[in-house]
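Just below is one structure, and these are the notes that go with it.
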Amino acid sequence: MSALIHSSEDDLVFLDEPETNDVSARTKLAPKWRIMIIDDDPDVHSATTFALGSLEIQHRSLSFLHAYSASEARDILAHETDIAIILLDVVMEQEDAGLQLVSHIRKTLGLSDVRIILRTGQPGYAPEIDAIRDYDINDYKTKSELTRTKLYTAVTSAIRSYEQICAISASRRGLELIINASTALMALQGLQNFASGVLIQIVGLLGGQTEGFICSQQAVDNINETPTATIAETMAALCILAATPAFTDWIDHPLEAVADTEILALVQQTLQLRHNLYESESTVLYFSNVAQRELAVYLNTGLHLNEMDKRLLEVFCSNVSVGLDNVTLTSRLHSYAFYDPLTRLANRLKLLQTLNETLQSPLKHLSTLSLIDIDHFAETNDALGHQFGDLLLCAVAQRLVTHFGENCQLARVGSDTFALLGNEKIVYPEAILALFTTPVSVDNQDVQLSATIGLVKLADYEGDGSEALKDTNIALKRAKTHQRSGYTYFTRDMGVEIRERVRMMHALRSAFENERLFLVFQPQVDMRTGRALGAEALLRWKTEEGKFIPPDQFIPIAEYSGLIVDIGEWVLRTACHELVHLRSLGHTEFQMAINVSQAQFSHPLFMQTLHSVLQDSKAPPECIELEITESMAMKDPELLIKTLHQIKQLGIRVSIDDFGTGFSSLSHLQKLDVDKLKIDRAFVNEIKDNSGEGSIAKMVVQLGQSLDMAIIAEGVETTMQANILLSFGCHLAQGYLYAKPMTPDDLHAWLASQGTGRKIT
Ligand code: C2E
Ligand code: CA
Ligand code: CA
C-alpha cells in the first residue's frame, strides 16, 4: 500500500523547533520511542518507516519493530518492553486477527501503557465503538486516510499520551516504592542503619544499577557520652555512613577522605547550597531535618535521570527528612532512657547496665561503686531556687567529669546523688571528698559544698547490679546518719540488718492482723501527792515465740511501711476504750495520753478517724491527750497548726513529746497551740548532782512556765531527780520511780492499791 506515502509526500511536516546543538546532543543521548508496526503487507512497513523515520518527537527519534502477522507480533511482544505505539492492521490472518491481538495485549499481557493505532484497508472493517473503548485504542484510521501528515499527527499525539500514561504509572509505582521505602525506613533505629536503608531504597527507586554513598554527622547519637564537646563540634564532622559496593572502602571515613576530588566537590557544593544537585552523570541529594542534622547522598546516576525520576527523588527526599526526624527522635528517646537530661551524665538505668557488665567481667575484682550525696542540697534548693540548684548540680557533675570522667562511669541516680564506678585505686573516699574542698562556681558565686559517700567494693560481690546499688545506698544512709561529709563502706552485716528489717515488717503486719499487739499503760503522777493523774498508752508486740520486740525497733518500721496508720487507729480506739473502762471503775478524772506518729497525723483521714473513735468509744475528749513529737512540729508547720486547731476544737489536749531533742524555735512553739511539754528522758537522766543548775531540764521547765504550758518529766527513776524537778517547779512525772508500764489488769490493781495516793519526800 504505497499510496500512503505518495499521497502524503507534499504535506510533510517537520519539527517546528530549531535544532540547537544542545538539543541534538540531548536527542542523541535520549532513548528512542519504540514504534511497532504490525501488518501483513510489507509495503505498509516500508512506507511507514519512510514516512516517520526521520522524525523526532519530544527530542527523541523513533525506532521500529516489525511484525508481519498477529502470531509473530505475539512472539515479539512477549519479550520486548517499552513499546510506545503499535500501528496495527485490523485484518491479517483472520478478519479479526488485529482485534484479537489487541485483547491479547491488554488482557493477557497486561500492557496498558502502549498506545494502539488501528489501521484498516476497508472502512467496513471498522471495529465496534465498544471495542475501541474496551481495549483502549487510541486511534482508528483507514489506511487511505493516513496521509503522512495525518500519520505524523496521530503518532505524535499517541506518543504524548503514552508519555503521560507512563508518567502516571511510574509515579504511582514510584509512590508505592516511596511509601514502602519510608515504612521500611521508619523501622530502622540509629543513624547508621537509617543511612544504609536510605541508600538501598534510593538505588532501588532508580532501578538498581546506581552506585553511591551517604554521608552525615555521625556523632549525634553519642552526644551524651562526651558532655564536654559542644553540639557544633559534634555536628561538624561529616562521615560516610553507608555505600554501595563501588564505594564501600570509604565507609566510616570522613567525607574529606573521598579520593575523587570531583565527587568531593559536588557533595560539598550540595551541602553548601542545601538542595539537590542534578549533574549530567551524577546526582547529589540533600536532606536535613529539624534537628539540623544534614545528610547527603551521592549517586552516580549515569547519563540519564528524567524528570519523573527527579520528581520521585524529590518526594522521596521529603519523606526521608521525616524519617530523619524520627531517627533523631528515637536517638533522643534513647538518650532520655539512658541519660540524665540536666547533667548529661548517664542515668540510673545506664549505670545499672555498666554495673552488670562490670560484675560479669574480671574488672569486678578491682572495682568500687560509690554514691556521692551532696549535703544539704534540699535546703540550698529551697533557699536559692531550683534554677540555682540545677546549676549547682551541673557544676558538681562537671567537676566529677573533669576528675573521673576518663576512667570511670559516672551517673546521676537521684536528685542530688551521683554514682561513680571505677577502679578502686581511683574511686576511694579521700579522692572523692577532695573534690569538695574547694568551692564550686555557680552563677558567678563560689559555693562551698560538702558530700557524704557510700561505697561498695565489688570484689567478692555476689549480687547483681541493682543489689550492689541498693547496698551502696545502705552504706550512704549509714554514712549520713553517722556524720555528714563522711563516708561508709558497705559491710555484709548492714545488708543483714536491712533484710532483717524487711522480715520484721512482714512479721509486724501479721502480728497486727493476728492481734498480737497490745497496749500497756504507764501512770503519770503528781510528784507532790504521788497520785496518778493518768497514764500513757504504750504499744507492745509479743511474738508467737513469746519474745517481746521493743517499740523503739518496730515503731520506726511501722512508720516507714505506713502500717502505723492502721496500727495507730487501733491504739487510739483501744486506749479510749480503756479510758472509758477506767472511768467505769471510778477513775473519773483519769487522763489518757496517746502517742501519734507523723504519718498518722498528716494522713488526710486523721481527723475523721479521731471523730469516729470518740463517737464509738464515748470517751470524753477532755480526758484525752495526744503526744506529738517535736520533730513533727518542724516538718509541716502549716498543716500542723491547722490540725492542732481542729484537735483543740474537739476538746482534746496536745503535748509535745521528747521535748528538747528536736529543734523548735521559741516563736514557732508559741504559735503552736499545745498544752504540755514533756521533758525528754535523756535530760532527766542528766540530772545527777543535787542542784541541777544550768541543766536543760531546768531551762525546759522555765520555758514551759513562761509559755504557760504544763510540764511533765519523763523517765524519772530516782528520788533525787524527782526532788530536783520539783524544785524547778515541775510537778508531773512519768517514770520507773512511780510505775512501769503495765497491762490494764495490773493498772487497775495498782490504782486500787494506791488508795488516796502516797507522797514522795
Ligand atoms: P515515748 O513516747 O517517749 O515513751 C516513753 C518511753 O520511755 C517508753 O518506752 C517507756 O517505757 C519508757 N520509760 C518510761 N519511764 C522510764 C524510766 O523511768 N526509765 C526508762 N529507762 N524508760 C522509761 P517504750 O514503751 O519502750 O516506748 C518507746 C517509744 O516507742 C515511745 O517513746 C514512743 O515513741 C514509741 N511508742 C510506744 N507506743 C507507741 C504508740 O502507741 N504509738 C506510737 N506512735 N509510738 C509509740
Ligand atoms: Ca510518748
Ligand atoms: Ca518521750
Side-chain angles (χ1 to χ4, degrees), residues 508 511-512 516-525 527 532 534-542 548-579 591-603 606 609-610 613 624-633 653-662 674-688 697 700 711-722 725 732-744 746-747 750 760:
L508 176 61
F512 177 54
R516 286 196 298 272
L517 299 184
F518 62 97
L519 289 183
V520 289
F521 301 88
Q522 183 178 32
Q524 298 181 332
V525 299
M527 291 187 280
E536 176 182 6
L538 292 162
L539 193 56
R540 292 291 175 266
W541 172 12
K542 190 179 178 186
F548 280 102
I549 302 188
D552 287 335
Q553 270 179 37
F554 73 80
I555 296 283
I557 289 170
E559 285 173 335
Y560 174 77
S561 63
L563 260 177
I564 194 68
V565 175
D566 288 344
I567 294 180
E569 177 175 348
W570 178 85
V571 169
L572 269 173
R573 278 183 195 281
T574 313
C576 285
H577 280 292
E578 180 54 29
L579 175 69
Q591 304 284 318
M592 185 62 79
I594 306 168
N595 294 288
V596 178
S597 284
Q598 162 82 38
Q600 269 176 284
F601 204 76
S602 50
H603 194 276
F606 179 68
T609 304
L610 206 52
V613 168
I624 298 169
E625 187 174 274
L626 298 184
E627 295 191 2
I628 63 169
T629 60
E630 200 183 354
S631 56
M632 232 160 102
R653 279 170 300 116
V654 178
S655 68
I656 295 191
D657 205 354
D658 305 338
F659 190 79
T661 55
V674 294
D675 307 273
K676 200 189 259 176
L677 296 183
K678 244 184 144 177
I679 306 172
D680 192 62
R681 201 162 70 227
F683 305 124
V684 174
N685 206 27
E686 249 179 28
I687 306 172
K688 293 218 162 82
V700 174
I711 309 286
I712 182 167
E714 190 174 57
V716 178
E717 291 182 354
T718 64
T719 320
M720 183 202 63
Q721 288 167 345
L725 286 162
L732 305 178
Q734 180 183 339
Y736 294 171
L737 177 62
Y738 304 98
K740 291 205 166 179
M742 45 195 136
T743 60
D746 289 347
L747 176 67
W750 183 83
I760 305 289

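Just so you know, ligand 1 is whichever comes first in the structure, and atom 1 is the first atom listed for that ligand.
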Atom CZ in Phe554, atom CZ in Phe512: separation rounded to 0.5 Å? 11.0 Å
I'd like to check which ligand 1 atoms, numbered from 1 as shown, lie under 4.0 Å from a non-hydrogen atom of Gly735. 15 (N), 18 (O)
Out of Gln600, Lys740, Glu559, Glu714, whose heavy atom sits nearest atom 5 (C) of ligand 1? Glu714
Taking the N/O/S atoms of Glu627 one by one, which is nearest to the Ca ion (ligand 2)? OE1
Between Leu538 and ligand 1, which part of the residue brings a heavy atom under 4.0 Å of the ligand: side chain, backbone, both or neither? both
State whether the shortest distance between N or O atoms of Gln734 and N or O atoms of ligand 1 falls below 3.5 angstrom. no
What is the name of the N/O/S atom in Asp657 that sits closest to the Ca ion (ligand 2)? OD2
Parallel, tilted or perpendicular, judged at 30° and 60°: which one describes the rings of Phe606 and Phe601? tilted
Are any of the side-chain heavy atoms of Leu519 and Leu539 separated by less than 4.5 Å? yes
For ligand 1, which atoms sit closer than 4.0 Å to a heavy atom of Glu717? 17 (C), 18 (O), 19 (N), 20 (C), 21 (N)
What's the separation between atom CD1 in Ile711 and atom CG in Leu732, rounded to the nearest 0.5 Å? 9.0 Å
Are any side-chain N or O atoms of Gln734 and backbone N or O atoms of Ala535, one a donor and one an acceptor, separated by less than 3.5 Å? no
Has Glu714 got an N/O/S atom less than 3.0 Å from the Ca ion (ligand 2)? no
Any non-hydrogen side-chain atom of Leu538 less than 4.5 Å from a side-chain atom of Asn595? yes
Is Lys678 touching ligand 1 with its side chain, its backbone, both, or neither, if touching means heavy atoms under 4.0 Å apart? neither
Straight-line distance of Ile549 CD1 to Lys542 NZ, nearest 0.5 Å: 12.5 Å
So, 4.0 Å and heavy atoms of Ser597: is ligand 1 close enough to count as a contact? yes
Does only the side chain of Val716 get under 4.0 Å from ligand 1, or the backbone, or both, or neither? Count heavy atoms. backbone
Just do the side-chain contact (heavy atoms from CB on, under 4.5 Å) check on Leu725 and Met527 with the steps written out, would you? CA-CA 9 Å; Leu725 286 162; Met527 291 187 280; 3.9 Å; yes
Charged N to carboxylate O below 4.0 Å: is that the case for Glu536 and Lys678? yes
Nearest 0.5 angstrom please: Trp541 CH2 to Ile567 CD1, how far? 8.5 Å
With a cut-off of 3.0 Å, does any N, O or S atom of Glu536 fall short of it relative to the Ca ion (ligand 2)? yes
To the nearest 0.5 Å, atom CD1 of Ile656 lies from atom CD1 of Ile712 at 14.0 Å
Rounded to the nearest 0.5 angstrom, the CG-CD distance for Leu677 and Glu714 is 12.0 Å
Note: Ile594, heavy atoms under 4.0 Å from ligand 1, region reported as neither
Arg540, any N or O under 3.5 Å of ligand 1 N or O: yes
Hey, does Leu539 come in under 3.5 Å of ligand 1, counting only N/O atoms on both sides? yes
Could you tell me whether Asn595 and ligand 1 have an N or O pair separated by under 3.5 Å? yes
Can you list the atoms of ligand 1 that are under 4.0 Å from a heavy atom of Pro741? 11 (O)
Checking side-chain contact (heavy atoms from CB on, under 4.5 Å) against Glu569, which of Thr609, Leu610, Ile564, Thr574 comes through? Thr609
Of all the atoms in ligand 1, which lie at a distance below 4.0 Å from a heavy atom belonging to Asp552? 28 (C), 29 (C), 30 (O)
Heavy-atom contacts with Val571 under 4.0 Å: which atoms of ligand 1 show up? List them by number with element. 41 (O)
Using a strict 4.0 Å cut-off to heavy atoms of Asp658, name the atoms of ligand 1 that fall inside it. 3 (O)
Given Ile555, Ile567, Ile564, which has its nearest heavy atom closest to atom 35 (C) of ligand 1? Ile555
